[in-house]
Amino acid sequence: MMKRTNRILIVDDNHVNILILKQILEQEHQVFAAVNGYEALELASGPMKPDIILLDVLMPEMDGYEVCRRLKENDETRDIPVLFVTTQGEEEDEAAGLALGAVDYIVKPVRPSIVLARVRNHLQLKTHQDQLEDLVRDRTRELQLTQDVTIFSLACLAEMRDNELGGHFKRTQNYVRLLASAAKAKGAYKEYWRQISVSMLHKSAPLHDVGKVGVPDNILLKPGKLTAEEFAIMKLHTVYGRDSLERAESLLQYKSFLSVAKEIAYSHHERWDGRGYPEGLAGDAIPVSGRIMAVADVYDALISKRVYKDPLPHSTAVQIVLEGSGNHFDPVLCELFERHQEEIRAIAIADADLEEEREALRR
């Protein structure tokens, strides 16, 4: 006997019709039945979902068309193939059923060979579709991993040039995700979120300082304060970052996370009052991504140990960020930063490079 692995749900208010279909199908398949639309919907979304549904049209209370419509509206059941089995054989009846998402239309009285062939064909088609979807998901995961590894490699390259960065890109990446999620939940920057996802911001954040690979060592690694001339060269890391990411982006034929990374790299040193660089943008002219990165970047610099300074306590760093509201930083982001400061502290502690930094973060 053939192994019965596929589950078929028969939906009909007539027990004789159910019995006839069961006798045709049960030699090859597991068959179970529902006698009304409500029971059918419950079984279809239950723990043992059917692989295919044979659905009568003329039923009391809820007809087959309504059952099909509800099945296709439900994410859990929309992919289950539906075959209408009905006495209504007019062309307009068949068209109505197919328009609702049914895959086939069998007219009663049924012929066993036709029922078996139709069910077998649609089960095979569903198997192929499921396999294709699995392949697409696997390929998507591979591309996602490739992107993540690329970002990590580029961020590590910047870190190797500036040995003080340490866990900076990990911490700032998580600050950015937290602040972006909070801003979206608050309803801030609605138009921006229609085009850019929090995930894209989170993915792009580690590349904010990738342009530092173009800054000479004697400036990038200088332990003391930079001269005006040296600082002018240091500021070019925003341009180097934008240009390198723009060249990479030009190789693609679609919008990717690189467009957000380029935006962050170029604008994260702009200030709300217009006194930042490289363009001196002010207020809403600064990209949202750059505004978010600015808060994350400055806070992390304050709580990190450098050769020329000790790490500041968390409370002091928070105070400095909040004092920058309306001049250095977007006031909306400062409000969110204050509201979520304990979560930000937790992120900083988790990825701190030194015990000295952890101690300061607890104050």
Side-chain angles (χ1 to χ4, degrees), residues 1-14 17-57 59 62-89 91 93-147:
M1 183 180 293
M2 183 179 297
K3 184 178 180 181
R4 298 179 296 176
T5 57
N6 296 304
R7 292 173 55 82
I8 298 179
L9 173 60
I10 300 170
V11 186
D12 200 309
D13 63 316
N14 188 310
N17 291 335
I18 291 175
L19 181 60
I20 291 171
L21 288 171
K22 271 190 171 182
Q23 289 175 340
I24 294 171
L25 295 165
E26 62 185 358
Q27 293 302 310
E28 295 185 14
H29 310 284
Q30 298 180 46
V31 182
F32 57 117
V35 295
N36 59 62
Y38 297 104
E39 185 179 351
L41 293 172
E42 183 178 354
L43 289 171
S45 60
M48 301 293 287
K49 289 182 177 59
D51 296 296
I52 201 166
I53 298 174
L54 302 186
L55 178 59
D56 186 26
V57 172
M59 295 185 295
M62 186 190 302
D63 66 17
Y65 292 145
E66 177 63 15
V67 174
C68 185
R69 185 185 68 78
R70 295 193 187 189
L71 287 168
K72 298 306 174 183
E73 286 180 347
N74 187 337
D75 290 341
E76 294 184 357
T77 58
R78 68 176 45 175
D79 293 330
I80 303 173
V82 174
L83 282 70
F84 279 118
V85 184
T86 180
T87 56
Q88 294 186 298
E91 182 178 341
D93 298 318
E94 183 173 351
L98 296 175
L100 287 169
V103 296
D104 212 338
Y105 208 90
I106 302 173
V107 179
K108 297 176 183 176
V110 299
R111 288 180 289 173
S113 59
I114 296 298
V115 173
L116 282 170
R118 297 277 183 85
V119 168
R120 189 180 298 121
N121 289 343
H122 286 296
L123 285 171
Q124 289 176 348
L125 179 60
K126 184 175 186 300
T127 297
H128 290 317
Q129 289 174 334
D130 290 345
Q131 290 172 344
L132 180 59
E133 289 174 2
D134 288 342
L135 287 173
V136 170
R137 279 192 292 269
D138 289 344
R139 181 58 177 155
T140 300
R141 282 194 293 268
E142 289 176 4
L143 289 173
Q144 180 75 47
L145 181 59
T146 300
Q147 285 187 357

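Just so you know, these numbers come straight off a predicted model, no measurement behind them.
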Measuring only between side-chain heavy atoms, which start at C-beta, is [X] closer than 4.5 Å to [Y]?
{"X": "N6", "Y": "I52", "answer": "no"}
{"X": "M59", "Y": "V67", "answer": "yes"}
{"X": "R7", "Y": "H29", "answer": "no"}
{"X": "P81", "Y": "I53", "answer": "no"}
{"X": "I10", "Y": "V31", "answer": "yes"}
{"X": "Y38", "Y": "R70", "answer": "yes"}
{"X": "I8", "Y": "L54", "answer": "yes"}

Please report the interatomic distance [atom1]([X]) to [atom2]([Y]), rounded to the nearest 0.5 Å.
{"X": "N14", "Y": "L19", "atom1": "CG", "atom2": "CG", "result": "10.0 Å"}
{"X": "L83", "Y": "Y105", "atom1": "CG", "atom2": "OH", "result": "11.5 Å"}
{"X": "T86", "Y": "N17", "atom1": "OG1", "atom2": "CG", "result": "9.5 Å"}
{"X": "F84", "Y": "L98", "atom1": "CZ", "atom2": "CG", "result": "8.5 Å"}
{"X": "L41", "Y": "L71", "atom1": "CG", "atom2": "CG", "result": "5.5 Å"}
{"X": "L21", "Y": "Q23", "atom1": "CG", "atom2": "CD", "result": "9.5 Å"}

Measure across [X] and [Y] and return the closest heavy-atom pair with its distance rounded to 0.1 Å.
{"X": "A33", "Y": "K22", "result": "CB-CE, 4.4 Å"}
{"X": "A40", "Y": "L9", "result": "O-CD2, 3.9 Å"}
{"X": "I80", "Y": "K126", "result": "CA-CE, 4.4 Å"}
{"X": "P50", "Y": "A44", "result": "CD-CA, 3.7 Å"}
{"X": "A34", "Y": "L43", "result": "CB-CD1, 3.9 Å"}
{"X": "A102", "Y": "C68", "result": "N-SG, 4.1 Å"}

Mind checking salt bridge (Lys or Arg N to Asp or Glu O under 4.0 Å) for [X] and listing every partner two or more places apart, or none if nothing turns up?
{"X": "D104", "result": "R118"}
{"X": "E76", "result": "none"}
{"X": "D79", "result": "none"}

Legend entry - Pairs touching residues 38-54 that satisfy salt bridge (Lys or Arg N to Asp or Glu O under 4.0 Å), sequence neighbours left out: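 Matches after skipping sequence neighbours: none remain.
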Legend entry - Among V82, D75, N74, the one residue meeting side-chain contact (heavy atoms from CB on, under 4.5 Å) with R78: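 The single option meeting the side-chain contact (heavy atoms from CB on, under 4.5 Å) with R78 is D75.
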Legend entry - Pairing residues for E73 by the side-chain contact (heavy atoms from CB on, under 4.5 Å) criterion, not counting sequence neighbours: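 E73 satisfies side-chain contact (heavy atoms from CB on, under 4.5 Å) with R69 once adjacent residues are dropped.
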Which atom pairs, one a donor and one an acceptor, fall under 3.5 Å between side chains of residues 108-117 and the rest of the protein, sequence neighbours left out?
from, atom 1, to, atom 2, distance (Å)
K108, NZ, D12, OD2, 2.9
K108, NZ, D56, OD1, 3.3

